[in-house]
Amino acid sequence: MRAFEYVRAADVDAAVATVTDDPFASYLAGGTTQVDLMKDGVLAPERLVDITRLPLHGIEHGPDTIHVGALTTMEELAADPTVVARLPIVREALLLGASTQLRNMATIGGNLLQRTRCRYFRDPSVPACNKRSPGSGCAAVTGAARMHAILGVSDRCIALHASDVAVALVALNAVVRIQGDQGRRSVPLTEFYLESAEDPVAENMLAHGELITGIEIPLLPEGARSGYLKVRDRVSYEFALVSAGVALVIEDGVIQDARIGLGGVGSKPWRARSAEEVLIGAPPAVETYRAAAAAALAGAWTVPGTAFKVELAQRTLVRTLQNVTEVSS
Amino acid sequence: MTATQSRPLVGAALNRVDGPLKVSGQAHYPSDFDVPGQAHAALVQSTIAAGRITRIDTSAAEDAPGVLTVITHLNAPRLDRGPMTGLGASPPPPLQDDRILHHGQHIAIVVAETAEQATDAARLVTAEYQADEAVLDLDDPRAQILDNPWGLDTQRGDVAVAMASAEVVVEGTFTTPDNTNNPLGLFCTLAHWDGDRLTLHDSTQWPSMVRATMAQVFKVPEDSVRVHVPFIGGGFGNGLRAWPHVILTVLAARTLARPVKLVLTRPQMFTSVGHRPEGVQHIKVGATATGELVALEHRSLSAVAMEDDDYEPLAAGSAVAYACPNVLTRDRQARLNIPNPTSMRGPAEAQGNFALESIIDELAYAVGVDPLEIRLRNYAEINPEAELPWSSKALRECFEVGAERFGWSQRSPEPRSRRDGDWLIGYGVAGVSYPWYQAPCQARATISADGNGYVRSAAADLGTGTYTVMTQVSAESLGLPLDRVRFDLGDSDMPIAPQAGGSGLTSALGNAVQDACRQLLDSFLTLVHEDEMSPLRGCTRADVAVEDGRIHRLDAPLEGETYADILARHNLTELTADGASDPGKAADLGMALAGAFGAKFVEVRVDADLGLVRVTRIVSVIDGGRILNEKTAGSQIVGGTVGGIGQALFEDTVTDAGTGRIANATFGDYLIPVNGDVPDLDVVFVGAPDRGTPLGTKGVGEVGLVGVAAAIANAIYHATGRRIRSLPITLDTLL
Ligand SMILES: Cc1cc2nc3c(=O)[nH]c(=O)nc-3n(C[C@H](O)[C@H](O)[C@H](O)COP(=O)(O)OP(=O)(O)OC[C@H]3O[C@@H](n4cnc5c(N)ncnc54)[C@H](O)[C@@H]3O)c2cc1C
Ligand code: SF4
């Protein structure tokens, strides 16, 4: 790892100013993504601005939303009583992610900005990676691509955005609060991420130096059913091969509202609106779920290593819908 | 008569004698050692799999902060290859020419003042290549094939005729992938020259072999090389060879005349210290309509590096596993542009048993006989190749005790016949006949003036419990309580010992230790033989026993004296004796030397819709001969079983087509079981002391892993009706 300067930000404005003014500076939160990539020689910032002492910790509870400070850890958010009671989809997505040790280090802001696990990206000895060296090609397309994406991708890059909780958050219409040197703005998470199909480098619409200060999560209405199912090779401590986060409101035997997020499949945390359209207005039934799942995966682009995900993702979504609605096959 | 004491120490489920050191951080692993003035090394590895280096530029690295030297093939001295070992030729020495034989080959070593400087500078070395098309696949027609490389091919009876007359024939092709040993401790070498004397701390399973290798490669006498490895963070076979990175570190230290330390990175652990090579096996069995085997044919092909040896006879074990009159086994290797493979826990057996025990299961379903019953029906009462009785074999008992503990009788015969919600439930069984292995070994025992014992040998303890069980054997053999005996190892200056491998060390070392202790007792009796003052005068070993350090006459227990008394009266500060063990030969003993046997019973739950497999129960019943310590032996079976779950469901070292780069060389990408994947494991030992050695032990280091993969695959078949012949069995194969 290259030598770098470490600075501890005094306050939010100073942090933003320091990073904005220095093209070779990065924020350091829990470090579980950032430091790994530096050790592997993928990132080599000259300056790390430690933001962990900034007052961006903790959760504020409103009547219809919670506001989560960007530095809240994954474990803290999962343990929040409101999350436990009203947002099981978020809690499950968090607790099925990483390991306890990591969840105690990792922050929510950092989680949303975690980088892809693509081994070709993470190994600088591999020449072809459009994300790391634009224009160099994509080694994954012809390589070992089991942990790669099938939605929002192209032969330029099939990198997966591997966050679990972001899948739940896009389904819930969460909003990211951002502060830059020009001021503050709020962006729906569904608009925050960019697909890699066009540009493998830009993963989201943050400008260099912009800081995520928090996330606003609308609560689900009382009586809504939600859940998150993560399918992977081993029981724990692994990224999703495929996951699904769903939230449904069912009244009078009809699905009134449906939110579907898919993980393990997208170049960004995937909101499956086409599936939602199939579900809304229909009765909760396996046939409906299958149709919704087929709609969700309609645009899949696969390579041999990822081909199985098209079927697995559909089955996973169907099962998740069945689980939250207790509809058996 | 042996020297014994009232409470037997051997066999007791004692805690590890080195436990307190380990939990208090005082057990020193190779990377824990530092010597004054040491420099740090980092490796540069090739990024092609085959071809030549046309240009290597080290100038930026040499100019980087703290860099002391960069050694490449351009400035490295010519080095001899190390000696032949019990496992084949030594790996070729590094940096001898511009040729690249595999991706990740070491092409330079960079030495700097700090490890960070060395790592950073290593990234600055650039190489240009003339790349050839690499040979990476077993079925590549360009691959050179080695036929019967170990001379172990067997042929008994006439397989073709018997197969043609068989009432039922089943066959299948089984594939097993590259697996990587991945001990938790990153391998480390710390080399320190003092003139022509070399001191080495090295992560090795075989200090005596590393010493011999360094002496030969660097042309110094063997006794001027000293290898230390008091503790090692696991090995699983990685430490069985003197690898190129060890030679490079020693070379760097010699070049700089400074101590040099190298710690491999996790990705380098995938390319620098061996792996279980991929294999493809075709196996065919013919049987009567009631499942009696009449013919068995097992052919294998496994991968080996371009210029290296690896012992991997996948099919050989099938020749002795069952009583079958007509058997043919053939093993071949294909030379590929891959990193050197090596033994990985249960080498050859782990793969071969998967094929054999799967096909026996297929036969059971084909003839409609219970899979357990078919194994008993074809039980090899004697070793069918040697046609000699086994030195011990309690495999039948393994099956019977296991069936009872597992509740095998509850099994529903039909596949896919038990369900619990989304989960299909299946039972599977596999048997294991682990081959015998043992090499000559020496040990030395001393009693000092205070009457305490000190016993040692140049063996290694991989964390398996060698310190502990050898302390038990020493204490019992010397008639001393445990806390008055110290057993030491991990230093090549001690009497020569074979590798901790092949499940062979415990018997080799245990018998040598027992012999050294007996010789020592003889020495005491010789000392007092004519001693008028001694109540033991005239006694031989048969006439005495030792308890709590006091030798007494068996015919008159009150007549005796302590070791300390004897030494004091003879003005000696200590008395020392050497012992040795040599494996017996089947022909002399009139019996076939047996390794451990085992039966594995597995219950799985399979969510067929999502392809999820959960192993919910495993019962392992093991005949390991005499068990020296129920606890450490049991831990070997537990650890091996976890490895077996990994082999069955997760472990798969993936190589990039074309480049030969390993695509998943991290613990995030190369999956091994986590706690949640491992159910409660039931381990029981059965059987009697083996008749082949004085101590009666058999090795239990590998039998725990072997058979688990087949039992899981068999259980998955029972649960789902799907026969998977390729490992690992991942969820996408079950969709
Ligand atoms: C072994 C392992 C397993 C994992 N498994 C999972 C899993 O199963 N599921 C899952 O979802 N995740 C998983 N993760 C990812 C983990 O959740 C993320 O690494 C973590 O959430 C990142 O948070 P952090 O605070 O450590 O971020 P850091 O590593 O500190 O930062 C990540 C990036 O975000 C930037 N950054 C951080 N905070 C801010 C901010 N407030 N504003 C602007 N930029 C910021 C940093 O500059 C950096 O570029 C795993 C990680 C590891 C190492
Ligand atoms: S998938 Fe994307 S990140 Fe991975 S190698 Fe291709 S371009 Fe790079």
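Chain naming here is simple, since letters A, B, ... match the order of the sequence lines and numbering starts at 1 in each.
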Colleague: Can you say whether B:D609 sits under 4.5 Å from chain A via the side chain, the backbone, both, or neither, judging by heavy atoms?
Modeller: both
Colleague: If we define contacts as heavy-atom pairs under 4.5 Å, which of B:N664, B:D422, B:L649 has the most with chain A?
Modeller: B:D422
Colleague: Of the backbone (N, CA, C, O) and the side chain (C-beta and beyond), which part of B:N675 lies under 4.5 Å from a heavy atom of chain A, both, or neither?
Modeller: neither
Colleague: Determine which pairs satisfy side-chain hydrogen bond (donor to acceptor under 3.5 Å, both in side chains) with at least one residue from residues 286-301 of chain A, sequence neighbours left out, and list them in order.
Modeller: A:E287-A:R290, A:Y289-A:T325
Colleague: In the structure I gave you, are the side-chain heavy atoms of B:P177 and B:L727 within less than 4.5 Å of one another anywhere?
Modeller: yes
Colleague: State plainly whether the residues A:R146 and B:D732 are in salt-bridge range, i.e. N to O under 4.0 Å.
Modeller: yes
Colleague: At a 4.5 Å cut-off on heavy atoms, which part of B:D656 comes close to chain A: side chain, backbone, both, or neither?
Modeller: side chain
Colleague: For B:Q268 and B:S272, test the side chains for any donor-to-acceptor distance below 3.5 angstrom and give the result as yes or no.
Modeller: no
Colleague: How about A:Q322 and A:S329: does a side-chain donor come under 3.5 Å of a side-chain acceptor?
Modeller: yes
Colleague: Between B:T730, B:D677, B:T265, which shows the greatest number of heavy-atom pairs under 4.5 Å with chain A?
Modeller: B:D677
Colleague: Can a donor-acceptor pair be found, under 3.5 Å and without considering hydrogens, that links the side chain of A:R232 to the backbone of A:E238?
Modeller: yes
Colleague: Given a strict heavy-atom distance threshold of 4.5 Å, which part of B:A657 is in contact with chain A: side chain, backbone, both, or neither?
Modeller: neither
Colleague: Sub-4.5 Å heavy-atom contacts with chain A: which residues of residues 121-137 of chain B show up?
Modeller: B:R123, B:L124
Colleague: Taking all atoms of both residues into account, what is the closest heavy-atom pair of B:R661 and A:Y120, and its distance?
Modeller: NH1-CE2, 3.1 Å
